[in-house]
Each structure stands twice: as C-alpha cells, then as structure tokens.
Amino acid sequence: MLRVARLLAAKDLRIEARSRIVTNQVLPFAAIVMVMFAFALNSDAVVSRVAPGLVWLATLFSLLVLVQRAFAIESADGATDALRAAGVDPAGIFLGKAMALAVQLAVLEIVLLLSAVVLYRAQLRLSGVVLLVTTLVAATCGLALVGTLYGGLAAGVRGRETLLPLLLLPVVAPVLIGATRATEAALGTGGAAVADGWPWVGLLAVFVALFGVGGTLAFGPLIEE
Amino acid sequence: MATPKTQITDSPAEYSDTKRAPLGRVRSTGTPFTRTIGIATIVSMATLAVFGLVLSPADVRQGDSVRILYIHVGTVWIAYVAFTVTAVSSAAYLWKRTRSLTWDRFAGASAEIGVLFMALTLFAGSLWGRLSWGKFWVWDARVTSTAFMFITYIGYLAVRGLGGSHQQRAKRSAVVALLAVLQIPLVHFSVKLWRGLHQDSSVADRTHVTLQGLMLFSLFVSLIAFSLLYLWLLIHRQRVLAMQDALDDKGLDYALQQRRDEGDL
Amino acid sequence: MDHVVHLSNAVAVLGQFPVLAGANLTVDRGEIVLLQGPNGAGKTSLLRLCAGLLPLARGEATVLGCDLRTNRESVRSRVGMLGHANGLYADLTVAENVRFWGATVRASRSEVTAALTRMGLAQRLGDVVVSRLSAGQKRRTALACLIARRAELWLLDEPHAGLDAAGRDELDATLREATSAGATIVVASHELERAGALATRVVEVVGGQIRELSSGPESSRPESTGPESTGPESGEAN
Amino acid sequence: MEDIGFILAVYIATFGSVTALALFILRRGRRLAAQLPDEDKPWI
C-alpha cells in the first residue's frame with residue numbers, strides 16, 4: 001500500500017513539475033483572490049484582523065481547483081480505469097494522491113501566508129513559529145485527505161464540477177475554523193495568545209486521523225463501478 | 001388554520017380511470033397497517049394544530065411565539081431520527097453480506113424525509129428566533145451544525161442521483177452516508193469550540209422555557225404526531241422506491257430482449 | 001482451473017442499458033480469440049467484464065479461476081487490459097509511463113527495458129513526452145506498458161488502431177510470443193485480415209451476445225499449451 | 001398580536017409541505033403500482 005502510495009505521489013509530483021499548472025495557474029488565482037478580499041472588505045484594519053481567515057478561505061477555493069486538476073490527470077486518457085485494471089490497491093491510490101496534493105497545498109499555503117504579510121500587514125512572530133508550522137502541516141493533511149476522497153468520488157461522474165464543492169465545503173468547515181483560530185494565535189492577530197492555538201491543532205489532528213482512516217477504507221468503494 | 005388534507009385511505013373509485021389496471025383495483029403502497037398509521041397521523045396532526053394554536057396558553061415570557069416550538073421541536077426530532085435511520089440503514093447495507101437493496105431504499109427514503117424536515121426546522125427556527133431573540137440567525141453551535149447537516153444530506157441525495165446500477169448507487173451512497181456520520185460530530189464540535197471562545201451571548205438563559213400543563217401536553221402531541229407522520233412517509237416512500245427499482249429491472253428484461261434481437265436482424 | 005475465461009449467460013449493465021445480454025464464451029489457455037462485430041455490439045464491455053472492471057449483473061463468469069460475481073478485484077492483477085484509451089499520462093515521457101505502469105505490478109527494471117525495446121521505444125522515443133507523440137506512437141507506448149505487466153490473460157481492444165505496418169508486425173509477433181509463453185489473448189478488432197490471420201478462433205459479438213463463427217486458419221482448435229488444461233472438456237469451470 | 005403572521009407561516013409551511021410530500025408519494029406510488037403486478041409488491 002505504501003509502495004503504491006509513494007509511486008503515485010512521485011508520479012503526480014513529476015507531472016506537476018513538468019506541466020507547472022499549479023505554479024502558473026493556481027498560485028496566480030489564489031493571489032488574485034487575496035487581492036479581491038481586500039477590495040471587498042475595504043479597510044486596512046479589518047483586513048489585517050481577518051488575515052488568517054482569508055488565507056485559509058483562499059486555500060479552500062484553491063483546493064477545489066487543485067482537486068479537479070489532480071483527477072483530471074487520471075481521467076484524461078483513461079488512467080483511472082487502467083489503475084483499477086492493474087489491480088492497484090485503492091487505499092494506495094488514495095494515500096498517494098493525497099500526499100501529492102498535500103505537497104502542492106503546502107507550497108500554496110506558504111505563498112498565501114507571505115502574501116498576507118505583504119498585502120494585509122499580518123505579523124509573523126518568533127514565539128508562534130512552532131504552532132504555525134504544526135497548524136500548516138495538520139491542516140494541509142486534513143484538506144488533502146478529504147479533497148482526495150471526495151475528488152475521487154466526483155471524478156467519474158457527470159456534473160463533477162458542481163458536485164465537488166457541494167460535498168467538499170461542508171466537510172472542511174472544521175479545518176477552516178481550526179486552522180484560522182490556530183493561525184490567529186500563532187500570529188497574535190487580535191491579541192490572541194500562542195497557547196490559545198493548541199486546542200485547535202488538536203481538533204485538526206482528530207480530523208486528520210478520522211478522515212485518514214475513513215478515507216483509506218472508503219476510497220475503494222467510491223471509485224468502483 | 002391549516003389542517004392536513006392528506007387523503008390516506010384508498011378509495012377504489014379513484015382507480016377507475018387508471019389505464020393499465022388489471023381486474024379489480026390496483027394494489028398500491030397502502031396496507032391496512034399503513035392506513036391505520038395514516039388515520040392516526042391525520043388525527044394527531046389535527047390535534048396538534050388545535051392544541052398548538054388554540055388550546056395551549058401563551059408563555060409568560062415568550063408570549064405566543066412558543067406555539068412555533070410545537071412544530072419546531074417535532075420537525076427537528078424527526079430530522080435527527082431520519083438521518084440516524086439513514087446512517088443505520090447504510091451501515092446495515094454494507095454490513096450484511098446479502099447487499100440487500102431494501103436497506104439502501106430505507107436509507108434513501110429516510111434521507112429525503114430528513115432533508116424536508118430539516119428545511120422546515122430551519123425555517124421555523126429562524127422565525128422563532130426572530131420573535132424571541134430579535135434575529136433570524138444566531139451563530140450557535142446547534143443551529144450552525146444543523147444547517148451543515150442540511151447541506152450535507154442534500155449532497156448525499158445528489159450522490160444518490162448520480163445514476164449507475166442499483167448496487168453501485170447503494171454502495172456509493174452508503175459510504176457517503178457513513179462519512180457524513182464522521183463529519184457531523186466534527187462540525188458540531190468545532191463550531192461549539194469556536195462559539196465557546198467568543199461567548200457573546202448566552203442563548204440558553206433568555207430562552208429557557210419551563211413547559212407545563214397544556215404546553216407540555218402540546219409538545220407531546222407534536223412528538224407523537226410527527227413520529228407517526230415520519231413512519232407513514234418512510235414506509236410509503238420506501239415502497240415507491242422499491243417499485244421504481246422493480247420497474248427498472250423489468251425495463252432491463254425488456255431491454256435485454258431488445259438487445260438480443262439486434263443480433264437477429 | 002479448466003478454462004481461462006468461462007462466461008455463461010453473462011449480463012452486464014451500463015446505467016440501465018444491457019451492454020452484454022447473456023454472453024456465452026469459453027476460452028482455453030493459449031488461444032488467441034478474435035472478437036468481431038459492429039460498433040456497439042458489446043466487444044469493449046466483454047473485455048471490461050473479463051478484466052473485472054464491469055460488474056456482472058446476471059449469469060456466471062469465471063476468469064482465471066476467479067468467480068467474477070464474488071471477487072472481481074482479485075482477477076485484475078493477473079489480467080492485462082488495453083482499452084480504447086491508452087491510459088498514459090500526457091506530461092510524462094514514454095519511458096516514465098512504461099516504468100510507472102510496470103511498477104504498479106512490480107515489474108523489474110529489465111522487464112520494463114525489454115518491453116520498451118520490444119515496441120521499438122528504447123532509443124530516441126523513450127525520453128519524449130507523451131503529449132508530443134503521434135496516435136500510433138502512443139499506442140505503441142500503451143502496448144509496451146502492457147507487455148511490461150506480464151499478464152496471464154491479455155484483453156486488447158482495437159490494438160491495431162493507429163499503428164503503422166511495422167508496429168502491427170511487432171504487435172503480432174509480441175502476441176504470438178506471449179501465447180507461446182503460456183498467455184491467453186482475447187482481442188477485439190475490425191482489422192479482419194490482419195487479426196484474423198493471428199487468431200486461432202473468431203467469434204462474432206452481436207447484440208450483447210456471442211456467436212461462434214469459425215476456427216482460425218489452422219481450422220482446428222489449437223493444442224492447449226498450458227499444463228493445467230490438458231483435459232480440454234473435462235469438468236465445468238466454476 | 002404581531003406574532004400571528006410568523007406563527008401561521010410556520011404552521012402553514014409545515015402542514016402544507018408535509019401534505020404535498022404525502023400526496024406526491026401516494027400519486028407516484030399509484031402510478032408505479034399500475035405498471036407492476038402484485039408479485040413485485042412484497043408488502044401485500
């Protein structure tokens with residue numbers, strides 16, 4: 001299972017390194033979303049207060065795009081069928097695609113965080129670095145896992161573009177809440193203390209554990225005909 | 001005043017114009033058992049309307065808006081029951097080696113009813129909230145996760161409608177239903193944690209109602225009436241879905257024959 | 001395990017449409033069976049059923065000793081399927097694709113290289129990204145991926161499509177080699193003269209059913225090469 | 001009593017939509033039942 005997962009993750013990342021879809025299209029998309037938030041909120045003070053939330057909201061929007069892309073790779077030339085026909089363990093496919101997605105998401109989140117520092121004047125602080133990194137890792141894993149799970153379900157069906165957000169966004173609400181609060185604590189937004197952030201990381205960890213196990217079990221039946 | 005107009009007892013006269021009816025009357029989804037439930041439902045719903053709107057007194061603190069609660073509590077109770085039945089039926093479908101589609105149909109029927117009752121719950125709840133809190137919506141953990149549940153099961157119904165064979169539909173939707181069971185407590189817990197840290201208004205204090213006498217009785221009537229209604233809807237809807245599946249299978253027989261005839265041309 | 005493929009009244013459904021309407025087919029080890037028939041007759045579905053991709057709705061089907069009603073997953077790793085789509089990743093090179101698909105079934109490095117060489121992809125083409133290839137070159141790559149899998153049962157859907165004369169010769173030689181090494185092949189093709197010369201038996205798929213047409217050029221069923229199938233008519237599969 | 005509009009709205013919406021669902025299920029049931037023999041209705 002892990003061998004298959006590593007194989008698929010390496011394959012997905014190599015494809016991304018070649019095609020540069022994420023770098024050339026998804027990152028600019030996320031950046032423009034960040035700028036648009038500032039237009040909509042129209043206040044420096046408000047924007048810098050809600051900066052962590054906006055970072056994660058932009059991440060969620062980009063997640064939808066990334067998941068669509070991750071499964072478009074497979075369905076473009078019937079590779080989904082070929083993977084099933086090769087008897088590849090679905091749990092391995094699930095973990096592998098989630099790993100590749102996590103790497104792409106992590107890059108995206110770092111860029112978004114930096115753009116929040118630049119655009120929204122969010123302040124990074126040294127005491128919150130450990131919390132910030134832990135939050136990033138946990139939230140990224142959670143988003144990648146559920147994204148892959150529901151992306152796989154929606155991949156083979158009609159109306160996948162609309163079904164995916166309907167299924168995915170309600171599920172990732174805990175990640176949005178948890179990651180935003182933890183990031184606020186790490187950055188000290190609105191006077192939050194670093195210690196306030198850790199319970200939220202705990203929530204993210206529970207999320208990752210539940211959907212890691214649940215997704216590994218559920219992915220096979222979901223992609224099967 | 002609204003009274004349930006549902007004509008649940010079957011009268012033979014209504015079938016006189018049914019085209020493909022065989023000799024005698026068509027046997028539909030009704031049975032003596034469901035007819036009994038149906039009559040009991042109508043009676044209890046009418047009782048609920050009378051008690052809820054007329055006989056029960058206004059609350060000393062909330063005034064007449066407490067009358068909305070008789071509906072609201074009943075619908076939310078049914079919505080939760082319905083989603084629980086969906087989860088249990090989905091688990092039963094996956095657990096049993098026979099992969100019985102009956103479980104799948106119970107899950108689907110229950111989710112449809114649950115979504116309707118959840119919509120009614122949100123509607124009644126927001127109107128009640130406007131009267132007693134002055135706002136249609138509060139970011140309370142229970143309210144918010146209820147809304148999420150509503151959306152989640154709309155998604156579940158969308159997955160059921162994706163097509164494919166019956167078994168494929170059943171397996172896929174059962175898995176999605178069980179994932180929803182994972183998701184709902186997480187959402188509830190995270191929203192609760194989120195509100196807990198903000199602590200702007202304690203909803204419970206201002207809206208605490210001590211129900212007694214006729215008010216408590218009306219609430220009981222509501223729970224009984226909606227439970228009966230749920231049971232009736234579930235059984236009938238399940239039977240309709242069973243007939244739909246059977247008709248699909250019949251269609252398959254016909255399509256098989258046609259498909260075989262392709263070769264004889 | 002008496003027969004490699006044994007279908008008895010097999011029905012398979014796509015949505016609510018019966019793509020296979022009671023197909024009967026028996027394939028023994030070492031055979032090359034050609035499926036012919038008009039578009040939409042059910043050839044592709046038959047191959048997908050045998051590969052364990054399409055669920056069996058009614059009837060019985062056994063492939064390589066696995067009952068498709070109960071565990072169609074277990075047959076997959078032993079079957080090689082080439083569908084209409086090539087299943088290639090457009091942004092990877094030819095060699096990377098073949099290596100990836102080889103790795104999914106734990107093929108060794110030398111097996112992958114051999115497969116590339118067999119389809120004439122080892123030299124210049126190996127490092128070309130698939131999206132730059134012509135349709136025929138993509139087909140060659142897909143075939144190389146299939147060869148690297150060393151399957152016991154090969155299911156080929158229009159393998160000749162898009163290939164040039166040299167490619168077709170290489171394909172035919174590969175298929176003959178595979179059968180002499182103990183594999184069994186079911187191939188759907190419209191290229192009757194080429195595939196017919198290759199096949200040991202031709203069956204016609206019409207309306208989701210199968211009609212036996214003729215034995216191949218040798219006019220008699222070939223001697224089974226596999227050790228297990230020496231008693232050809234003994235016992236029913238399943 | 002300005003609450004009466006809200007209260008009636010809740011009661012009418014609830015009873016109305018429930019009735020509509022029940023009628024829909026019954027009508028669908030009758031239509032399908034007419035096309036199927038009684039053997040396909042195990043509850044009878």
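The sequence lines fix the lettering, A, B, ..., with proteins before strands; numbering per chain opens at 1. Just so you know, these numbers come straight off a predicted model, no measurement behind them.
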What part of [X] gets within 4.5 angstrom of chain C, counting heavy atoms only: side chain, backbone, both, or neither?
| X | result |
| --- | --- |
| Val88(A) | side chain |
| Ala76(A) | neither |
| Glu224(A) | side chain |

Name the region of Leu155(C), side chain, backbone, both or neither, that has any atom closer than 4.5 Å to a heavy atom of chain A. neither
What part of Arg99(C) gets closer than 4.5 Å to chain A, counting heavy atoms only: side chain, backbone, both or neither? neither
Find out whether Thr104(C) and Val4(A) are in side-chain contact, i.e. whether some heavy atom of one side chain is under 4.5 Å from a heavy atom of the other. no
With a 4.5 Å limit on heavy-atom distance, are the side chains of Arg84(A) and Met81(C) in contact?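 Side-chain contact under 4.5 Å: no.
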Just how far is it from atom CG of Asp81(A) to atom NE2 of His84(C), taken to the nearest 0.5 Å?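 Asp81(A) CG to His84(C) NE2: 11.5 Å, rounded to 0.5 Å.
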Spacing of Glu16(A) atom CD and Asp91(C) atom CG [to the nearest 0.5 Å]: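 Going from CD on Glu16(A) over to CG on Asp91(C), the span is 9.0 Å.
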Option in Leu82(C), Val79(C), Leu88(C), Leu14(C) with maximal non-hydrogen atom pairs under 4.5 Å from chain A: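 Going by pairs under 4.5 Å, I would pick Leu88(C).
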I need the residue from Tyr89(C), Phe100(C), Trp101(C) with the largest number of non-hydrogen atom pairs under 4.5 Å to chain A. Tyr89(C)
Expected output: side-chain Arg3(A) to main-chain Ala103(C) donor-acceptor under 3.5 Å: yes
